[in-house]
Asks: 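One structure is given below, represented as structure tokens, and several questions about it will come after.
Count residues from 1 along the sequence.
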Amino acid sequence: MISREFRLLVWVLCVHLAGIYLFTKGFLLTRLALPDRGACTSDACTSLATHKRAVLLVIDALRFDFIAEHPPEPVSPFHHNILTLPRELTAAHPDRSFIFNAYSDPPTTTLQRLKGLTTGSLPTFVDAGENFGGSSIHEDSILHQLKAAGRNIALAGDDTWVTLFPDAFEPNMTFAFDSFNVEDLHTVDQGVIDNLLPLMRHHQQSWDFAIGHGLGVDHAGHRVGPDHPVLKAKLEQMNSLLHDVVEAMDDDTLLILLGDHGMDRMGNHGGASVLETMSALWVYSKIPISFSGYTIPDAILPKITFPEAAVPHRYVQQIDLVPTISLLLGLPIPFNNLGSVIPELFNRDPDGLSLQTAMQLNAAQIRRYLDAYRSSPSGKELDAAWHDFAVAWADTAAVYGEYRLIALNNFTRIALSACRVLWAQFNVLLMGAGLAVIGLSIVAGWTLYSKLRDVGDDEWEKWVDEEVLWSFSTSAVGLGLGYITHIMMREYLDGVAMHQTMLFTASISSSIVVAAATRPTITFKSIKALRSLPIFLVLHTLCFASNSFTVWEDRIVLFFLISSVVPSVIIGFTAPTSRLRYRILGFSALFAGCARLMAMSTVCREEQHPYCTVTFYASESSSAPPITALLLALPVAIAVPRAIRRVLKISKSDSGLAATFIPLFLAPALVAGTLFWMLEWVHSTEVVSDMGGVLRLTRTVLARTTAAAVLIGGVSLWWTSPICLAISKSQSSTSTSEDKPQVTVLGFANAFGSPYLIFWLIFMSLVWLMTQLSGQVVLGLSSIALLSYLEVVDSVRDVHGLNEALASSTPSSALDLTAGTRDLVFSEIVPLALLAMYTYYATGHQSTIPSLQWKTAFILSSTVSFPFSHATLIINTIGPFFLIALAVPMLALWNLAPLPHPKRLGAAALRSGIGLSLYFSVLAFGAAVFAAALRRHLMVWKIFAPRYLFAAFALGAVDLGVLVGVGVGVGRVREEIARVFRVIS
């Protein structure tokens with residue numbers, strides 16, 4: 001039977017998800033794609049054509065400095081001056097070879113960049129989530145124009161192209177390979193070599209546009225980083241491929257080499273940092289396509305200097321390729337294009353007439369697009385910029401010569417800049433609805449948390465049942481009310497769907513009713529509780545109002561975390577007994593020491609340089625573990641189970657289930673998880689290159705066996721007998737009475753906490769497997785910090801109880817098991833919330849897309865496999881939040897004796913879970929409020945939007961952890977302990 005706590009927590013989760021969904025839909029709307037197709041009304045397009053065929057060679061993650069003639073200092077021997085053919089041919093033939101530093105619009109994920117490269121349009125931030133599974137492109141693109149002109153398209157390489165354009169490629173010239181096997185550095189590249197070169201050498205008349213897309217450079221970056229011999233070998237291979245491609249070209253073929261995006265210092269991408277957005281672009285022809293007779297104005301030839309380089313270089317937008325290639329092949333420019341033609345490739349006559357014609361066609365196409373966009377339902381978004389458009393367009397007809405070229409370029413760039421501002425439209429109505437739902441859920445959560453403190457021992461279960469009934473019944477009524485409201489007010493609800501209105505009214509109505517029905521009683525005790533104002537929560541939330549504080553949140557959280565135990569230390573100094581004093585001070589020191597040691601593991605955001613040093617990885621340009629992690633991970637994996645058993649031994653709770661689970665399940669699982677990542681390191685560094693397949697198979701079997709053993713074996717064992725007690729009976733006889741049995745129970749003092757800890761360890765061992773070596777060391781320290789804090793809280797409560805007893809008229813009540821109080825205060829929850837947050841940062845994460853540890857998607861399989869790849873990546877990312885949320889009921893269970901039966905145990909556990917959920921719901925609300933308020937801020941997509949998204953994910957993980965812990969774990973432990981002591985009695 002589903003417990004009452006489970007049902008109430010399901011309602012809390014649903015309301016939070018509804019609020020997050022509504023706000024996110026308003027904040028991250030997708031871009032409007034117009035269905036129109038580009039067309040040329042005269043032969044102007046064909047008159048600019050220079051080639052019959054083109055080869056588009058994409059080297060995934062080819063950063064500009066990988067091909068630059070003047071790379072940044074210091075020069076890397078692993079990725080600089082290796083892929084040299086482009087600069088050699090440019091130096092020898094400047095009229096037919098051109099190198100550009102191309103700006104790749106974020107998000108810098110492959111699927112989104114391919115959309116931009118083919119349509120000339122801008123991606124949206126929310127599109128990044130499609131990189132694991134995108135849908136086909138229906139808007140106008142260069143591939144649609146090729147098909148409409150009857151041209152044949154060939155493909156060799158990344159299968160993402162087939163996903164985006166399922167009907168574009170000739171079946172007998174399509175050689176697509178899996179794009180998400182990051183551990184495979186060679187199959188896709190070899191597929192390009194084996195299939196593209198024969199097409200060019202022996203079947204040139206069969207195709208008009210050939211695409212080759214290699215992934216080895218990108219995968220090498222993800223696995224080992226840019227400063228590694230593996231990447232050098234891949235670049236050498238690509239340089240050799242370029243030599244063969246150039247040799248196989250004829251005079252009618254145009255070659256375009258590019259990187260779809262760059263890579264950061266770690267070899268990752270997805271964000272908006274300079275290294276991720278600066279990609280390489282090389283255009284080459286065997287016949288001259290640019291003449292020196294006409295001097296192009298410098299105003300339309302911008303330059304930029306690569307970070308740490310000395311020489312500036314020609315700079316273009318990556319989407320400029322779309323109109324450029326279209327006109328060079330005699331095709332109409334795709335309708336939604338916002339790119340500008342690259343002037344150097346149209347400089348063909350002394351008076352610059354060809355260049356002016358190309359720029360006029362380009363500007364006219366963008367003007368048509370803007371007119372069509374303004375006529376669309378989203379056209380009002382352009383109203384603020386329309387005057388600027390009109391003035392810039394009028395200027396193109398008012399001037400002549402090179403000034404017209406400047407005016408035409410100015411118009412296209414103004415259009416691009418304005419649309420970039422509008423690339424993510426905001427629906428303020430939906431954003432407000434989401435904020436209202438999250439805000440009211442906080443009020444309802446606070447009333448539930450407060451009321452659970454006041455409700456009587458014998459009444460709380462009935463009260464929770466009533467709240468569950470009220471919450472779900474009013475949600476149902478709210479759904480109907482939302483349906484009626486939407487029908488009646490549809491004309492005023494611009495951009496709001498029926499189901500969104502129903503979600504809003506259901507969530508709002510149920511939250512209001514729950515808050516009204518659970519108004520806490522205002523007493524002296526509740527007023528006194530205001531002294532424990534959650535100052536850390538307030539300050540933590542206010543951090544999101546500043547981009548600087550948000551960037552340095554990891555350091556701030558560490559300070560808050562260590563500071564949060566200071567009140568306990570103060571109480572420890574004043575404890576009435578030396579034993580309590582030593583326990584509080586000793587375990588507080590252990591907690592703070594673990595937190596400081598966790599701080600030795602860092603991953604740096606781009607904005608934190610140069611004041612941050614990466615220690616989670618071997619270096620800031622490597623994704624391999626540091627030598628310290630390689631040396632410490634296995635000893636930590638062996639030590640953690642022993643430390644946990646040592647803590648249980650304090651209360652003699654290391655018997656029963658603990659004596660079986662820890663040595664037979666936990667210890668092997670942690671060691672296996674560590675060995676998995678050690679084998680991954682051996683595999684990625686190619687120490688034994690001839691055993692790659694064997695290592696991959698061994699890792700897969702090891703990971704799947706460990707996960708299955710923990711989830712199936714561990715859960716089954718725990719569910720069958722969740723007790724950590726050693727029970728023995730003996731006979732005691734006297735001369736005056738009959739023989740009476742004596743029952744000895746070892747582990748009595750922690751009868752509830754110890755079996756729940758075993759339940760928690762099942763999930764901890766699973767997260768351990770999904771965490772890299774440095775993160776495993778951090779998880780071990782976090783686990784010890786958690787147990788230390790539980791001992792601190794228990795000892796502080798003992799101090800309060802003892803002080804109250806000694807100050808009363810009956811000091812002997814200190815010996816009464818029923819006299820102690822276990823009332824939970826919010827300040828006891830705050831350190832656990834901060835521990836969850838800091839464990840997230842110390843396990844190699846930041847609130848940025850590039851910090852996602854993509855290699856964890858390949859733990860259970862060598863390729864992307866739904867749902868395993870998605871599940872392992874999610875567990876790696878939000879595992880710390882889930883684990884601490886799962887652990888929070890131990891604030892109510894730890895060192896709690898089963899006799900006399902604690903009637904309020906379920907209420908206390910439920911209250912602890914709601915309290916932690918309350919902390920993270922306030923953080924999510926604050927992140928959403930400041931993201932909405934700063935939505936026009938320069939850093940919104942780089943800092944505030946990602947922070948909101950990760951706050952939303954954290955809240956979902958916490959709610960899920962509390963749901964599993966309180967709704968499943970606590971209920972099963974209570975049930976089994978009650979049964980055991982009924983039998984004993």
Side-chain angles (χ1 to χ4, degrees), residues 182-183 219-225 228 230 264-268 270 554 597-604 613-637 640 669-685 687 695-696 698-700 702-703 706-707 763-783 838-846 848-862 868-883:
V182 174
E183 297 181 347
H219 289 183
H222 283 301
R223 282 186 57 74
V224 297
H228 197 280
V230 171
D264 64 14
R265 289 179 173 87
M266 303 296 301
N268 298 318
D554 53 347
L597 289 173
M598 290 165 61
M600 297 176 68
S601 172
T602 57
V603 165
C604 305
T613 302
V614 174
T615 58
F616 184 84
Y617 299 107
S619 70
E620 65 178 14
S621 60
S622 172
S623 60
I627 189 65
T628 52
L630 289 168
L631 295 175
L632 290 176
L634 193 56
V636 169
V640 167
L670 299 191
V671 170
T674 300
L675 290 177
F676 172 89
W677 287 104
M678 287 185 168
L679 290 175
E680 192 278 337
W681 172 75
V682 173
H683 188 187
S684 63
T685 54
V687 175
L695 288 173
R696 176 65 256 188
T698 303
R699 287 164 51 211
T700 302
L702 184 63
T706 302
F763 294 91
M764 192 275 277
S765 58
L766 189 64
V767 175
W768 184 284
L769 173 64
M770 310 303 169
T771 305
Q772 298 186 59
L773 291 177
S774 298
Q776 290 179 352
V777 176
V778 170
L779 270 185
L781 292 169
S782 181
S783 302
Y838 196 69
T839 304
Y840 166 79
Y841 285 119
T843 49
H845 300 97
Q846 286 281 355
T848 60
I849 294 177
S851 70
L852 291 174
Q853 298 172 21
W854 297 107
K855 65 169 61 178
T856 59
F858 306 94
I859 293 176
L860 299 178
S861 63
S862 59
F868 301 112
S869 298
H870 304 70
T872 53
L873 180 61
I874 291 171
I875 292 172
N876 170 268
T877 305
I878 65 174
F881 299 110
F882 178 84
L883 283 181

Asks: With a 4.5 Å heavy-atom cut-off, do V640 and M764 have their side chains touching?
Replies: yes
Asks: Suppose we screen for ring pair (Phe, Tyr, Trp, His ring centres under 6.0 Å). Which residues come up paired with H845, at least two apart in sequence or across chains?
Replies: Y840
Asks: Can you check whether Q776 reaches V636 side chain to side chain, under 4.5 Å on heavy atoms?
Replies: no
Asks: Please report the closest heavy-atom contact between A633 and L773, naming both atoms and the distance.
Replies: CB-CD2, 3.7 Å
Asks: Identify the two heavy atoms, one from G225 and one from S623, that lie closest to each other, and give their separation to 0.1 Å.
Replies: N-OG, 3.8 Å
Asks: Taking the side chain from S774 and the backbone from A629, do they hold a donor-acceptor pair closer than 3.5 Å?
Replies: no
Asks: Are S601 and T843 side-chain neighbours, meaning at least one heavy-atom pair lies under 4.5 Å?
Replies: no
Asks: Any chance you could measure T602, atom OG1, to Y841, atom OH, to the nearest 0.5 Å?
Replies: 13.5 Å
Asks: Verify the distance criterion only: is there a donor paired with an acceptor across the side chains of W768 and T674 at less than 3.5 Å?
Replies: yes
Asks: Can you find a pair of side-chain heavy atoms, one from E680 and one from Q772, that are under 4.5 Å apart?
Replies: no
Asks: Is the shortest side-chain heavy-atom distance between F858 and R699 below 4.5 Å?
Replies: no
Asks: Ignoring hydrogens and angles, tell me if any N or O in the side chain of W677 forms a donor-acceptor pair with the backbone of T771 under 3.5 Å.
Replies: yes
Asks: Do M678 and L634 have side chains that get closer than 4.5 Å, going by heavy atoms?
Replies: yes
Asks: Any pair with a residue in residues 616-629 that passes salt bridge (charged side-chain N to carboxylate O under 4.0 Å, His left out), sequence neighbours left out, goes on the list, sorted by first then second residue, please.
Replies: R265-E620
Asks: Can you give me the closest heavy-atom contact between V614 and S619, atom names plus distance?
Replies: CG1-O, 4.0 Å
Asks: Minimum heavy-atom separation for P626 to F616, with atom names?
Replies: CD-O, 3.1 Å
Asks: Going from NE2 on H683 to CG on L695, what distance comes out if it is rounded to the nearest 0.5 angstrom?
Replies: 6.0 Å
Asks: Determine yes or no for a side-chain-to-main-chain donor-acceptor pair under 3.5 angstrom, with S782 supplying the side chain and V778 the backbone.
Replies: no
Asks: Tell me every residue that passes ring pair (Phe, Tyr, Trp, His ring centres under 6.0 Å) with F882, counting only those two or more places apart in sequence or in another chain.
Replies: F763
Asks: Are the side chains of F676 and T706 in contact, using a 4.5 Å heavy-atom criterion?
Replies: no
Asks: Grab the two heavy atoms, one from L769 and one from G673, that are nearest each other, plus how far apart they are.
Replies: CD1-CA, 3.8 Å
Asks: Between T856 and T872, do the side chains contain a donor N or O and an acceptor N or O under 3.5 Å apart?
Replies: no
Asks: Could you grab the distance from atom CG of L766 to atom CD1 of I875, nearest 0.5 Å is fine?
Replies: 5.0 Å
Asks: Could you measure the distance from the CZ atom of R223 to the OG1 atom of T685? Nearest 0.5 Å is fine.
Replies: 8.5 Å
Asks: Please examine the side chains of L779 and L883, heavy atoms only from C-beta on, and report whether any two atoms are closer than 4.5 Å.
Replies: yes
Asks: Measuring from S684:OG to H219:NE2, what's the distance to the nearest 0.5 Å?
Replies: 14.5 Å
Asks: With distance as the sole test, does S851 use its side chain to make a donor-acceptor pair with the main-chain N or O of T848 at under 3.5 Å?
Replies: yes
Asks: Mark yes or no for whether Q853, through its side chain, and G844, through its backbone, hold a donor-acceptor pair below 3.5 Å.
Replies: yes
